[in-house]
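Below is one structure, written out as C-alpha cells; the observations come after it.
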Amino acid sequence: MLIKRPRFSHIPGSEITPQHLVESRRLFMHQLAAGALTASSFASNALAAESARHRLAAPPNPAFTAKDTPTKFDDASSYNNFYEFGTDKGDPMLYAGSLKTRPWTIKIDGEVKKPLTLDIDALMKLAPLEERLYRLRCVEGWSMAIPWIGFSLSELIRKVEPTGNAKYVEFTSLADPAQMKGVNSRILDWPYVEGLRIDEANHPLALLCVGMYGQSLLNQNGAPVRLVVPWKYGFKSAKSIVRIRFTEHQPKTAWNKTAPDEYGFYSNVNPEVAHPRWSQATERRIGEDGLFTRKRKTLMFNGYPEVASLYSGMDLKKFY
Ligand code: MTE
C-alpha cells in the first residue's frame, strides 16, 4: 500500500531559531550572492510594501486586550507564514510587495439571504474598527502577541443574513500566480482555503482584521483583509481573503487536504493533543524567548477559555 506523504508540512518548533531576523537576512545575502535576487528587485518590493502602509486609527478595546507584552513590529512583519510568497519565514517580507491590494473586492455568498460583493474600503466601514491585542500560536511551536485592528466577523455575518442551511463559513485567499510567486509551486492545493463552524465564526473573538500596530495590514501579514482566530492554530487565520462563502457542509481546507492526519478541521490550540511529529505542550514567544530560555507552557484554547462552551460534549482529541 502506498502511504501518501504530504508534499510539504510545517516545521516543528524545535527547529526554530530565535535569531530569525539574523537568519532571514543571512538568507537574503545568500540569495543576493547567488543571483536569485537583485538589490533593485528587493528595493522595489520593499518600497511597494512600504507605500501600501497607511495609518489606521482604532481605539483599543480593553475587553479584548491580552496582558501579554506586544511582539515588536519588526518581528511580526518579518517572520511570517504566507506560502503564496514562499515557505521561508523571510519570504513574505521579501516578495509580498508584488501583491496589489487596491482595488480589492470580497465576495460574500453561499447560504445567505443577502449576498454581497464589497470593495475593501466599503468593508472597512461596515463596523467601527478597534484594536485588540491577541496572541497567535503557530502550529510550529512559536507565538506572538499582536495589536490587530478590525471588527468581529459576526458584524459581517449579521449583514448578510445566513439561511438556516448555513452551518459553516469558508474563507478563500487570493491565488494569483502573477502576483504571488509561491502559487506557481505545488506546496499546497491552491487557493488557500480555511473554514469555521458558524457558531465559531460568530464568536466575538473571531476578528475580521484589516490592520495592525496602528496601520493598515502589511502585505506579508495578509493585506488587505485577513482573519484572526486567536484560540486556534495560526493557519486557521486565512490571509488576503477574496471570498467568504456560507455552506451547509464542512469546507475542504487547504492544510486538511494536504495532510489530514496532521491538520484537522478544528485545530484548536490544545497542549494535550500533540502534532503527530512534535509536542504542542510548549511554545516560544518570538522576540522574547531566547534559544536557551525554558519554553513557555501552551494554554488550552491559547488562553481563551471563553470559547470552551462551543465544544461542550465534543471529544477534542478526536476533533483535533
Ligand atoms: N493564509 C494564507 N493565505 N497563506 C498562508 O500560508 N499561513 C497561516 C496563516 N494564514 C497562511 C495564511 C499560518 S501557518 C500562520 S501561523 C499565520 O497565517 C501567520 O500569520 P502572520 O504571518 O501574520 O503571523
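What's counted below: heavy atoms across the whole structure, side chains too, no hydrogens, waters or symmetry copies. In each ligand, atom 1 is the first atom listed, and ligand 1 is the first ligand listed.
Under the 3.5 Å distance criterion, with hydrogens and angles disregarded, a donor-acceptor pair is assigned to the side chains of Glu283 and Thr298. Side-chain atoms of Glu170 and Thr247 include no donor-acceptor pair closer than 3.5 Å. No side-chain N or O of Tyr233 forms a donor-acceptor pair with one of Trp255 less than 3.5 Å apart. Defined by atom type and a distance below 3.5 Å, a donor-acceptor pair is missing between the side-chain atoms of Thr105 and Arg243. Judged purely by distance below 3.5 Å, without hydrogens or angles, the side chains of Ser143 and Arg135 never pair a donor atom with an acceptor atom.
The distance from ligand 1 to the heavy atoms of Ser173 drops below 4.0 Å at these ligand atoms: 3 (N). Atoms of ligand 1 found under 4.0 Å from any heavy atom of Leu136 (numbered from 1 in listed order, with element): 20 (O), 24 (O). Below 4.0 Å from some heavy atom of Asn80 lie the following atoms of ligand 1, by number and element: 21 (P), 22 (O), 23 (O). Close approach to Cys138 involves these atoms of ligand 1, each under 4.0 Å from a residue heavy atom: 16 (S). Counting the atoms of ligand 1 from 1 in the order shown, those under 4.0 Å from a heavy atom of Phe82 are 2 (C), 3 (N), 4 (N), 5 (C), 6 (O).
With a heavy-atom cut-off of 4.0 Å, Glu84 touches ligand 1 through its side chain alone. Heavy atoms of Phe235 found under 4.0 angstrom from ligand 1 belong to the backbone as well as the side chain. Contact annotation for Ser237 and ligand 1: only backbone heavy atoms (N, CA, C, O) come within less than 4.0 Å of the ligand. The part of Arg226 lying near ligand 1 is the side chain, judged by heavy-atom distances below 4.0 Å.
Within a 6.0 Å sphere centred on NZ of Lys167, other residues, nucleotides and ligands contribute more than 12 heavy atoms.
Using a non-hydrogen distance threshold of 4.0 Å, Lys236 does not register as a contact of ligand 1. The shell of residues lying under 4.0 angstrom from ligand 1, judged by heavy atoms, excludes Ser240.
Scanning the protein for heavy atoms near atom 17 (C) of ligand 1, the closest one is Gly234 O, 3.6 Å. Atom 1 (N) of ligand 1 has as its closest protein heavy atom Lys239 N, 3.1 Å. Looking at atom 5 (C) of ligand 1, its nearest protein heavy atom turns out to be Tyr192 CE1, 3.3 Å.
In this structure, Lys72 fails the cation-pi test against Tyr213, since its NZ or CZ atom is not both closer than 6.0 Å to the six-membered ring centre and inside 45 degrees of the ring normal.
Within the 4.5 Å cutoff, side-chain heavy atoms of Val210 are placed close to those of Leu56.
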(request) Begin with the C-alpha distance, continue with both residues' side-chain angles, and end with the deciding distance and a verdict on salt bridge (Lys or Arg N to Asp or Glu O under 4.0 Å) for Arg158 and Glu155. (result) CA-CA 5 Å; Arg158 202 160 44 86; Glu155 300 277 1; 2.8 Å; yes
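Considering backbone and side-chain N/O atoms, Tyr83 comes within less than 3.5 Å of an N/O atom of ligand 1. Any N or O atom pair closer than 3.5 Å counts here, and Asn81 shares at least one such pair with ligand 1.
Under the 30°/60° scheme for interplanar angles, the aromatic rings of His275 and Tyr263 are found to be tilted.
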